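Contents: one structure, followed by commentary.
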Amino acid sequence: MYNFKKIEKKWQDYWSENKIFEAQDKSNKEKYYILVEFPYPSGAGLHVGHVRSYTALDAYARMERMNGKNVLFPMGWDAFGAPAEQYAIKNHIHPKDAVLENIKTFKKQIQDLGISFDWSREFSTTDPEYYKWTQWQFLKFFEHGMAYKAKKNINWCPNCKTGLSNEDSSGGICERCGSSVIQKEKEQWMLKMSEYSEQLLEGLDDTEFQDRIKTAQINWIGKSTGAEVTFPLKEVDNALTVYTTRADTLFGVTFMVIAPEHPYIDLYQKQISNMDAILQYREQTKKKTEFERTQLVKDKTGVKIEGLTAIHPLTQREIPIYISDYVMMGYGTGSIMAVPAHDERDYAFSKKFGIEVIPVIEQITGTPRENEQKKSSIVAVLYDEKTDKYLTINWGEKGGRLFIGGTRNEKETHLACAKREIIEETGYTNIEFVTEILPINHHYYAYNKNVAYEIDSIGLLFKLIDDTKIEQQLDEDEKGNFTLEWVDKKTILNEVKDELHITTFNNILNPGVYTGDGKMIHSEFLNGLTDKHECIDKMIQYLEERGLAKRKVNYRLQDWIFSRQRFWGEPIPLIHCDTCGWVPVPYEDLPVLLPDVTEYEPTDDGESPLAKIASFVNCKCPKCGKDAKRETDTMPNWAGSSWYFLRYMDPKNDKEFVNMDKLKYWGKVDWYNGGMEHATRHLLYARFWNQFLYNIGLVPNKEPFNIRVAHGMILGDGGEKMSKSKGNVINPDDIIKEFGTDALRTYEMFIGDYEKDASWSTNGLKGCKKFLDRIWRLQNCINDGKGYTKEALVHRTIKKVTEDLQNMKYNTAVSALMILLNEYEKQKSVSKDELRTLIHLLNPIAPHITEEINEQSHLGEMLCKSNWPQYDKDKMVEDTYQMVVQVNGKVRGKIIVESGANREKMEMLAKEIPNVRAHIENKEIVKVIVIPSKIVNIVVK
RNA sequence: GCUUGUGUGGCGGAAUUGGUAGACGCACAGCACUCAAAAUGCUGCGGUUUAUAACCAUGAGAGUUCGAUUCUCUCCACAAGCACCA
């Protein structure tokens with residue numbers, strides 16, 4: 001057959017020796033910057049997942065080069081950080097050496113794939129020539145007041161002995177080792193990322209990120225619009241300020257909650273009479289890990305503050321104040337107004353502490369109409385514990401299945417009304433009231449009376465004690481029209497259609513809060529309004545006019561904790577002098593090199609290993625010359641990856657971090673591919689970093705990336721993540737050895753939708769290998785002909801493959817080429833033009849074998865140097881085409897139509913088909929729908 | 001709980017300004033070649049039935065339409081991300 005190993009080696013050497021894929025910094029060609037996230041060179045080696053995204057972007061890069069563009073497609077290494085350090089500790093080698101070793105393996109593996117990276121621009125974030133500039137940029141942050149050191153309760157991993165950012169410890173679990181994260185107070189360098197919240201949000205409009213990535217970023221930034229409302233305190237001359245997004249529910253406030261760390265507790269110790277209990281609670285909270293604090297969501301705890309009371313700003317009612325750990329000091333003002341009727345958490349708290357619930361929003365069902373008559377009513381649900389069934393009234397065709405309902409007289413309570421209705425309509429007398437739910441505002445139209453009603457309805461639940469019954473007392477119109485039926489929950493959910501009744505039932509099953517929209521009640525000037533946003537606005541305005549509130553926007557995005565107490569990171573280039581404070585290392589002294597030592601394991605007290613190295617720590621103050629100490633924290637491994645895409649434009653520059661002319665030529669990254677796991681952290685850090693550089697005039701674009709695309713994962717054969725423990729890891733090296741790179745590449749493109757996860761199948765891979773073999777054998781069938789026999793098909797395929805590669809639809813691009821091959825094989829022989837076009841279109845995906853076929857069969861210029869095939873729209877049209885004939889939307893036949901045919905001709909041909917005739921015979925033709933080139937649909941009666 | 005997705009043959013997946021559902025591939029079955037196997041080639045391949053045809057079928061149910069995998073509503077399941085964010 002053919003020796004794919006020899007072919008692959010031959011072409012990889014050719015590309016490298018002739019610098020085929022090196023980008024030009026100055027060129028008349030249009031530039032295009034394609035970037036794939038650089039890997040973390042772990043000891044595990046390359047994963048088949050890497051192959052997928054590298055091949056995908058490689059295919060696009062190769063096509064764009066053939067389209068005449070100057071393509072920058074670089075690769076490098078993100079090698080600082082804990083995994084490399086841990087690998088080094090485990091294997092007793094220096095991280096520096098471990099990294100070099102891993103890079104070597106990775107690079108060899110990637111080069112075996114034949115990816116068209118421009119290797120002349122390769123660097124690692126751990127190169128001193130690179131991290132010199134990372135430190136240089138950190139100093140820029142420092143100079144502009146964007147970096148500060150603060151004592152903070154930080155997320156601390158007791159196992160890794162290091163501080164973690166919120167991003168690295170989400171869910172209270174350490175990103176790296178999986179241990180529970182605890183809170184620890186520590187001095188940390190911070191970058192003022194929260195100042196950029198709005199810019200980071202707005203900047204998304206200047207990008208073409210996939211929607212799911214934009215959404216992830218928007219959620220992470222977490223903008224919320226609301227107001228700060230002031231509640232005066234009764235005992236002291238001060239007020240408690242809360243942040244709320246639901247000012248409209250202010251009349252429903254029945255208590256307030258402040259975070260355990262809230263400063264008022266210390267400030268007003270004298271007024272607080274149960275200080276002991278409060279301090280004890282505060283201690284308990286501190287001991288809880290973040291994990292415990294967030295996982296035990298349902299169980300609310302807290303302590304009432306005795307001696308400190310708030311005053312409702314509008315009703316002047318006294319409002320008790322509690323401390324509870326469900327309120328966080330880090331968000332808003334660290335204190336909330338609690339509205340138990342309309343907030344799940346407040347409701348749970350109020351249940352536990354027996355606090356009053358005041359509903360201010362009434363759920364609306366039905367459709368409001370004009371000129372409604374008002375009524376008050378009840379819906380009573382009777383439950384029989386013994387049979388686990390509910391009593392319903394079945395009106396049959398007259399009204400379906402309902403519960404007991406009735407109109408309430410003005411003098412009657414809801415409870416009395418419900419009891420009366422149950423006895424009258426069912427006869428059951430021995431019943432017990434269980435609970436009632438929040439009122440529902442129901443609207444309906446009675447056709448028989450021609451009246452529209454607005455009903456305030458209360459739902460009540462009763463329990464049947466025993467079957468004691470008296471005779472029903474029915475109205476004339478009720479007699480004989482309904483039957484009483486005890487049915488189970490499932491029947492009710494399926495059969496009760498009336499909106500009021502089924503909503504009542506659902507609310508009885510899940511009693512508690514109502515968090516939806518509705519009609520305002522018990523709210524003075526808001527009563528009757530139904531538009532939530534209008535209510536919020538009205539309330540804030542009302543408060544603002546009286547100096548009780550101000551509008552406020554909050555973000556969840558916090559400042560970036562930039563310190564790590566680890567060895568293997570960029571040293572933070574600052575010096576602490578007792579006289580001058582924090583002094584930057586002078587630019588000319590950069591980089592601050594990591595010392596060459598043998599001890600680099602983290603210390604038990606949480607200090608950086610660098611702190612133990614006297615020769616590193618002790619230095620002179622650059623400002624006053626006195627003895628001083630170096631900062632020993634290092635940067636997080638997100639630092640190096642926050643600007644690597646800029647360095648690729650000018651990787652060898654030792655005068656500047658990147659030359660401005662080059663920055664301007666290359667501009668934004670046009671297409672950036674990476675995993676969904678980086679859609680929030682890395683992508684947000686890099687955008688923040690770049691926006692900062694832009695704001696101080698160091699880069700020409702505010703947004704660094706244009707298109708951002710996330711690939712799907714490759715899972716194991718059974719659909720699970722590949723992992724050593726499951727033993728389902730596929731090593732790309734093994735596949736390449738057995739089937740060749742081109743087969744692996746083609747299969748990974750064919751495996752499925754690029755953005756979705758896909759399961760590995762070695763049989764699927766074999767199918768792709770077979771496809772390549774068949775193309776190879778096509779060389780034996782070359783005839784003397786020129787041009788294309790199936791011209792329309794070839795041009796359609798060119799169009800399809802070109803567009804599919806642009807739109808990341810690699811799987812259908814491969815399938816289009818398979819269809820073309822099937823057609824060629826049916827012909828039994830192909831012209832050189834036909835074969836050349838097929839392999840040309842396949843070249844971006846399977847570059848080695850196609851280049852070899854092209855050379856061996858003398859089909860023309862080397863593919864990597866020739867222009868991408870162009871399609872001719874006029875030649876895509878066939879002489880005749882097939883149309884479907886339907887009768888009443890069902891396919892009854894097909895017709896072959898010449899491309900010039902008119903509608904009448906199509907209709908005539910359609911009606912001639914015997915099967916169609918059979919279906920329209922003796923029937924009236926209502927109309928005929930003709931969609932040229934697609935369908936004829938004859939509608940009959 | 002919230003957000004975002006996704007639900008199509010035995011499997012991976014095609015098809016959306018609404019217009020032949022299942023392209024392409026895998027697996028499977030039969031045949032050819034072979035002493036035999038592998039490789040290769042050819043044929044078949046959603047289901048049911050009274051089978052040149054009809055009916056059913058794109059998670060379930062309703063709706064709009066001449067026509068719905070595609071649009072609307074309700075519900076269910078799964079996945080990922082976020083998670084006491086006031």
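Fair warning: this is a prediction, and the values are worked out from it, not measured in the lab. When reading the values below, keep in mind they use all heavy atoms of this one structure, side chains included, and skip hydrogens, waters and symmetry mates.
Between the C1' atoms of B:C31 and B:C24, the separation comes to 24 Å (whole Å). Atom P of B:U70 sits at a distance of 13 Å from the matching atom of B:U20, rounded to the whole Å. B:G46 and B:C42: their C1' atoms are spaced 23 Å apart (whole Å). For the C1' atoms, the distance from B:C84 to B:U8 is 40 Å, rounded to whole Å. Only the P atoms considered, B:U69 is 13 Å distant from B:G61, to the nearest whole Å. B:A57 sits 16 Å from B:G10 when the P atoms are compared, rounded to a whole Å. The gap from the C1' atom of B:U50 to that of B:A38 amounts to 45 Å, rounded to the nearest Å. B:U64 sits 27 Å from B:A54 when the P atoms are compared, rounded to a whole Å.
Computed from coordinates, the A:D757 CG to B:U6 C1' distance equals 11 Å when rounded to whole Å. If you measure from atom CE of A:M713 to atom P of B:G5, you get 18 Å, rounded to the nearest angstrom. In this structure, CD1 of A:I751 is placed 16 Å from P of B:C11, rounded to the nearest angstrom. Going from atom NZ of A:K756 over to atom P of B:G7 covers 5 Å, rounded to whole Å. In this structure, the CH2 atom of A:W220 is 10 Å from the C1' atom of B:A83, given to the nearest Å. At whole-Å resolution of the value, NZ in A:K800 and C1' in B:A15 are 9 Å apart. One can place CG of A:N822 at 10 Å from P of B:G41, the figure rounded to the nearest angstrom. Rounding to whole angstrom units, NZ of residue A:K766 and P of B:A39 are separated by 8 Å.
Rounded to the nearest 0.5 angstrom, A:Y555 OH and A:S224 OG are separated by 9.5 Å.
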Requested in this report: Applying ring pair (Phe, Tyr, Trp, His ring centres under 6.0 Å), run through A:Y810 and A:F750 and close with a yes or a no.
Outcome: CA-CA 6 Å; A:Y810 303 99; A:F750 187 61; over 10 Å; no
Requested in this report: Start with the C-alpha distance between A:I849 and A:F4, add both sets of side-chain angles, then the distance that settles side chain to side chain contact (heavy atoms under 4.5 Å, CB included), and finish with yes or no.
Outcome: CA-CA 7 Å; A:I849 189 177; A:F4 54 77; over 6 Å; no
Requested in this report: For side-chain hydrogen bond (donor to acceptor under 3.5 Å, both in side chains), just list the numbers for A:D804 and A:T812, CA-CA rounded to whole Å, side-chain angles, deciding distance to a tenth of an Å, and then say yes or no.
Outcome: CA-CA 7 Å; A:D804 280 356; A:T812 47; 2.9 Å; yes
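Of the side-chain N and O atoms in A:K927, one or more sit less than 4.0 angstrom from OP1 or OP2 of B:C66. A:Y331 has a side-chain polar atom (N or O) that falls below the 4.0 Å cut-off from OP1 or OP2 of B:A86. Using a 4.0 Å cut-off, no side-chain N or O of A:N937 falls inside it from OP1 or OP2 of B:G67. The phosphate of B:A54 has OP1 or OP2 within less than 4.0 Å of a side-chain N or O from A:R892. The shortest distance between the side-chain N/O atoms of A:N915 and the OP1/OP2 oxygens of B:A54 is below 4.0 Å. A close approach under 4.0 Å does not occur between any side-chain nitrogen or oxygen of A:K826 and OP1 or OP2 of B:G41. The shortest distance between the side-chain N/O atoms of A:K941 and the OP1/OP2 oxygens of B:C66 is not below 4.0 Å. OP1 or OP2 of B:C82 has not a single side-chain nitrogen or oxygen of A:R556 nearer than 4.0 Å. For A:N811, a side-chain nitrogen or oxygen approaches OP1 or OP2 of B:A14 to under 4.0 Å.
Using the Watson-Crick or G-U wobble rule with both distances under 3.5 Å, B:A39 pairs with nothing in any strand shown. For B:U34, there is no paired base (Watson-Crick or G-U wobble, both distances below 3.5 Å). In this structure, B:U74 and B:A60 make a Watson-Crick or G-U wobble pair, each of the two defining distances being under 3.5 angstrom. In this structure, B:A27 forms no base pair with any nucleotide, since neither Watson-Crick nor G-U wobble geometry is met with both distances under 3.5 Å. With both pairing distances under 3.5 Å, B:C84 is matched to nothing as a Watson-Crick or G-U wobble pair. Of the nucleotides present, none pairs with B:U20 by Watson-Crick or G-U wobble criteria with both distances under 3.5 Å.
The side chain of A:V891 has B:A21 as its nearest neighbour among B:A14, B:A21, B:C84. Nearest to the side chain of A:N763, among B:A27, B:U4, B:C24, sits B:A27. In the set B:G19, B:G13, B:A86, the nucleotide with an atom closest to the side chain of A:K934 is B:G19. Taking only side-chain atoms of A:R212, from C-beta outward, the nucleotide of B:A54, B:U4, B:C24 with the closest atom is B:U4. Which of B:U20, B:A14, B:U3 sits closest to the side chain of A:T812 comes down to B:A14. Nearest to the side-chain atoms of A:M818 among the listed nucleotides B:A86, B:U4, B:G25 stands B:G25.
On a pure distance criterion of 3.5 Å, a polar donor-acceptor pair joins the side chain of A:Q882 and the base of B:U20. A donor-acceptor contact under 3.5 Å links the side chain of A:K300 to the base of B:C84.
Below 30°, between 30° and 60°, or above 60°: for A:H682 and A:W638 the angle between ring planes is below 30°, a parallel geometry. Using the six-membered ring where Trp is involved, A:Y747 and A:W760 have ring planes that are perpendicular, over 60° apart on the 30 and 60° scheme. By the 30° and 60° cut-offs, the orientation of the rings of A:Y326 relative to A:F349 is tilted.
With RNA chain B read from its 5' end, the first of the two nearest nucleotides for A:E825 and A:G330 is the one closest to A:E825.
Taking syn as a glycosidic angle within 90° of 0, B:G9 qualifies as syn.
The environment of A:E738 atom CD is sparse: at most 12 non-hydrogen atoms of other residues, nucleotides or ligands sit within 6.0 angstrom.
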